[in-house]
Amino acid sequence: MSRINDFIKFNLNETTRKSIAEYLWIGGSGMDLRSKARTLPEPVTDPAKLPLWNFDGSSTDQAPGDDSEVILRPQAIFRDPFRGGSNILVMCDTYTPAGDPIPTNKRFSADKIFNHPDVAAEEPWFGIEQEYTLLQKDTKWPLGWPVGGFPGPQGPYYCGVGADKSFGRDIVDAHYKACLYAGINISGINGEVMPAQWEFQVGPATGISAGDQLWVARYILERITEIAGVVLSFDPKPIPGDWNGAGAHTNYSTKSMRNDGGIDVIRKAIEKLGLRHEQHIAAYGEGNDRRLTGRHETADINSFSWGVANRGASIRVGRDTEKAGKGYFEDRRPASNMDPYVVTSMIAETTILWKP
């Protein structure tokens, strides 16, 4: 294995102008990430200068076998933390050969919302708190848990330190640094309430870039857990019972909310979100009903609420925002397996464009 690593670490810049582009896309389930690589004649930093590509959509549940070609259109470039050098990761979205977005391409409609003049003028910022769980490969049981058994009850694990409280920190730190190297605006990490559950935060990011950055951060995490021989789960309630679920709390502000008097804009936005609660819940991730029970720092899925510093509410306003009279709020409803393109664009659409 050490000899293989010698080849992986080759610095191509010493011998060739060519570089490697890893094209990433979202598969047919809406959560499975796929990728494949191609050689470029020279380094590229502008996605518009990258060639279109294609893949067999019948093998990803995105096209029938008799018309299986799906087109990959490059949308965002990140440095490749695995190959280094001038090699890149390329976030793509997916189209038919005729140029129409396929049904699983949620980026296309999100981009239209973010490019609406009224939305663009508000410069929407997002900060997404991505929770996830690390599982043992052979048993699919949380990392560090006794096989078929349970650790001690929740309490010592949140931001905990020590071999009996923190499981998988090497993976978490590797992911943290890899995201910074890639150019993702990852703003922090922490251990979560359930042991083997962790969180990383991406943002602030403006508009469509929040979705691009979160998807690529997920891809990097999938690759690192692959190397470590650990299974990554975005299940919103991986362990039933008295254990916290996993969410993707989405922090949000607009220019009007960040300006003086923004607290009134925040209140009006929250009121609009409450009026469309059912529509948002339907788009906020599969299996969220197992997580949003009114327990374990969640609001009940069937009701909408908001409050200052209340982690049991649908929407939380921070005390710093209340004190300043401007700032941001946190939508605590999205599940860990949500699509950030869907969630961020829906929040922007409801709070800026939608007229009750």
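The structure presented is a predicted model; accordingly, all values stated were derived computationally and were not measured. Side-chain atoms are counted along with the backbone in the values below, which use heavy atoms only and exclude waters and symmetry mates.
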(request) Nearest 0.5 Å please: distance from the OG atom of S305 over to the CZ atom of R332. (result) 10.5 Å
(message) So does D100 get a backbone contact from the side chain of T96, meaning a donor-acceptor N/O pair under 3.5 Å?
(response) yes
(request) Can you measure from CD (E349) to OG1 (T344) and round to the nearest 0.5 angstrom? (result) 11.5 Å
(message) Just checking K49: does its NZ atom have more than 12 heavy atoms from other residues, nucleotides or ligands closer to it than 6.0 angstrom?
(response) no
(request) Please list all pairs passing the side chain to side chain donor-acceptor pair (under 3.5 Å) test where one or both residues lie in residues 188-199, with sequence neighbours left out. (result) N190-E192, N190-Q201, E199-Q201
(message) Quick test of your reading of the model: are E22 and R83 salt-bridged, counting only N-O distances below 4.0 Å?
(response) yes
(request) Could you check H277 against S314 for side-chain hydrogen bond (donor to acceptor under 3.5 Å, both in side chains), going step by step and ending with a plain yes or no? (result) CA-CA 9 Å; H277 177 65; S314 308; 5.0 Å; no
(request) For N288 and R333, indicate whether the former's side chain and the latter's backbone hold a donor-acceptor pair under 3.5 Å. (result) yes
(message) Restricting to side-chain hydrogen bond (donor to acceptor under 3.5 Å, both in side chains), what partner residues turn up for S303, sequence neighbours left out?
(response) none
(message) I'd like to check W243 versus P151 (side-chain heavy atoms, cut-off strictly below 4.5 Å). Are they in contact?
(response) yes
(request) Show the numbers, then the answer: is there a ring pair (Phe, Tyr, Trp, His ring centres under 6.0 Å) between W141 and F150? (result) CA-CA 10 Å; W141 200 237; F150 297 89; 5.5 Å; yes
(message) Between D320 and K323, does any side-chain N to carboxylate O distance fall below 4.0 Å?
(response) no
(message) So does P47 get a backbone contact from the side chain of Q75, meaning a donor-acceptor N/O pair under 3.5 Å?
(response) no
(request) For the pair R79 (side chain) and I88 (backbone), establish whether a donor and an acceptor sit closer than 3.5 Å, ignoring hydrogens and angles. (result) no
(message) Would a single hydrophobic cluster contain both I186 and L24, if residues Ile, Leu, Val, Met, Phe, Trp and Tyr are joined by side-chain heavy-atom contacts under 4.5 Å?
(response) yes
(message) Could you check whether R295 pairs with D242 (Lys NZ or Arg NE/NH1/NH2 to Asp/Glu carboxylate O, under 4.0 Å)?
(response) yes
(request) Considering only NZ, NE, NH1 and NH2 on the basic side and carboxylate oxygens on the acidic side, decide whether R107 and D212 come within less than 4.0 Å. (result) yes
(request) Using the ring of W306 (Phe, Tyr or Trp, six-membered ring only), decide whether R316 places NZ or CZ under 6.0 Å from its centre and within 45 degrees of its axis. (result) no
(request) Flag the pair R17 and E42 as a salt bridge only when some basic side-chain nitrogen lies within less than 4.0 angstrom of an acidic carboxylate oxygen. (result) yes
(request) With F329 as reference, evaluate F126, Y252, W125 under the ring pair (Phe, Tyr, Trp, His ring centres under 6.0 Å) test and give the passing residue. (result) Y252
(request) Report the C-alpha distance between R258 and S253 in whole Å, list the side-chain angles of each, state the deciding distance to 0.1 Å, and finish with yes or no for side-chain hydrogen bond (donor to acceptor under 3.5 Å, both in side chains). (result) CA-CA 7 Å; R258 298 187 293 270; S253 72; 2.8 Å; yes
(request) Output yes when K237 and D235 qualify as a salt bridge under the 4.0 Å nitrogen-oxygen rule, no when they do not. (result) no
